[in-house]
Amino acid sequence: QVQLVESGGGLVQAGGSLRLSCAASGRTSSRIGMGWFRQAPGKEREFVAAISWSADTTHYTESVKGRFTISKDNGKNLVYLQMSSLKTEDTAVYYCAADLVYSSGTYHANYWGQGTQVTVSS
């Protein structure tokens, strides 16, 4: 079992930056992929970014490429999502996820955090 707790969400102006953090506990010694998903009001949850356990591979959804960066610190059991050049359409609840699997054209996860709200104002 893996427990995930997100932090760092908040209200920012369009064009601004924000860094989300995710603290992992439980089976953190397992070589599992980590990632971030988001869900906007009235929308389905969507994949945002993924990173391999060793951090040698990352993947992003097209809409955030060049603006968001996923990283991790295995020693501190932390995963980050650095968000820059934020747009109003980035407004959503962001969820940290663990044990990602790519299937049927997208990523899926077996463990989820509680979510943290990110609101981008114009």
Side-chain angles (χ1 to χ4, degrees):
Q1 298 293 319
V2 176
Q3 292 77 48
L4 306 170
V5 180
E6 305 97 329
S7 62
L11 174 65
V12 297
Q13 294 269 37
S17 300
L18 199 65
R19 188 181 76 165
L20 306 182
S21 299
C22 174
S25 62
R27 297 183 63 184
T28 54
S29 61
S30 299
R31 302 175 70 89
I32 58 175
M34 302 289 293
W36 292 89
F37 292 71
R38 66 186 180 186
Q39 186 168 20
K43 301 290 185 66
E44 295 184 349
R45 188 173 299 187
E46 66 171 343
F47 165 75
V48 176
I51 186 168
S52 62
W53 181 86
S54 59
D56 59 340
T57 302
T58 58
H59 296 279
Y60 301 90
T61 191
E62 189 67 29
S63 64
V64 308
K65 287 182 178 178
R67 300 189 299 118
F68 291 11
T69 301
I70 187 170
S71 61
K72 68 197 303 280
D73 183 339
N74 285 352
K76 297 182 178 180
N77 298 319
L78 295 171
V79 60
Y80 305 98
L81 184 67
Q82 177 65 50
M83 304 182 292
S84 301
S85 301
L86 283 163
K87 305 174 181 179
T88 55
E89 49 262 50
D90 294 318
T91 295
V93 175
Y94 284 71
Y95 297 89
C96 182
D99 197 12
L100 269 65
V101 177
Y102 190 81
S103 178
S104 300
T106 190
Y107 281 95
H108 305 265
N110 291 315
Y111 302 96
W112 301 91
Q114 83 287 353
T116 186
Q117 177 70 48
V118 172
T119 302
V120 184
S121 62
S122 61

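The residues of the chain are indexed from 1 along the displayed sequence. Everything quoted here is computed from the prediction, not taken from an experiment.
Between the CD atom in Gln13 and the OG atom in Ser122 there is a gap of 8.0 Å [rounded to 0.5 Å]. Atom OG of Ser21 is separated from atom NZ of Lys72 by 13.5 Å, given to the nearest 0.5 angstrom. Between the OG atom of Ser63 and the CD atom of Glu89 there is a distance of 8.5 Å, given to the nearest 0.5 Å. Rounding to the nearest 0.5 angstrom, the gap separating the OG1 atom in Thr58 from the CE atom in Met34 is 14.5 Å. Distance check: Thr91 OG1 to Gln117 CD gives 7.5 Å after rounding to the nearest 0.5 Å. Atom CZ of Arg67 is separated from atom OG of Ser84 by 9.0 Å, given to the nearest 0.5 angstrom.
At a threshold of 4.5 Å between non-hydrogen side-chain atoms, the residues Leu18 and Val118 count as touching. Side-chain atoms of Met83 and Asp90, non-hydrogen and from C-beta on, never get closer than 4.5 Å to each other. Residues Gln114 and Glu6 form a side-chain contact, since some pair of their non-hydrogen atoms from C-beta on lies under 4.5 Å apart.
Note on Leu78 and Leu20: separate hydrophobic clusters, where clusters join Ile, Leu, Val, Met, Phe, Trp and Tyr whose side-chain heavy atoms are under 4.5 Å apart, directly or indirectly.
The ring-ring contact (aromatic ring centres under 6.0 Å, His included) pairs that include a residue from residues 54-94 number zero, where partners must be two or more places apart or lie in different chains. Within the structure, the side chain to side chain donor-acceptor pair (under 3.5 Å) test picks out the following pairs touching residues 40-49 (sequence neighbours left out): Arg38-Glu46.
Heavy atoms only, all atoms of each residue included: Val12 and Ser17 are closest at CG1-O, 4.0 Å. A pairwise comparison of heavy atoms in Gly35 and Ile70 identifies CA-CD1, 3.9 Å as the closest pair.
Taking Ile, Leu, Val, Met, Phe, Trp and Tyr as hydrophobic and joining them when side-chain heavy atoms fall under 4.5 Å apart, one finds Phe47 in a cluster with Phe37, Val93, Tyr95, Leu100, Tyr102, Tyr107, Trp112.
A donor-acceptor pair is defined here as one N or O able to donate and one able to accept, closer than 3.5 Å; such a pair exists between the side chain of Asn74 and the backbone of Trp53. For the pair Thr57 (side chain) and Ser52 (backbone), a donor-acceptor distance under 3.5 Å is absent.
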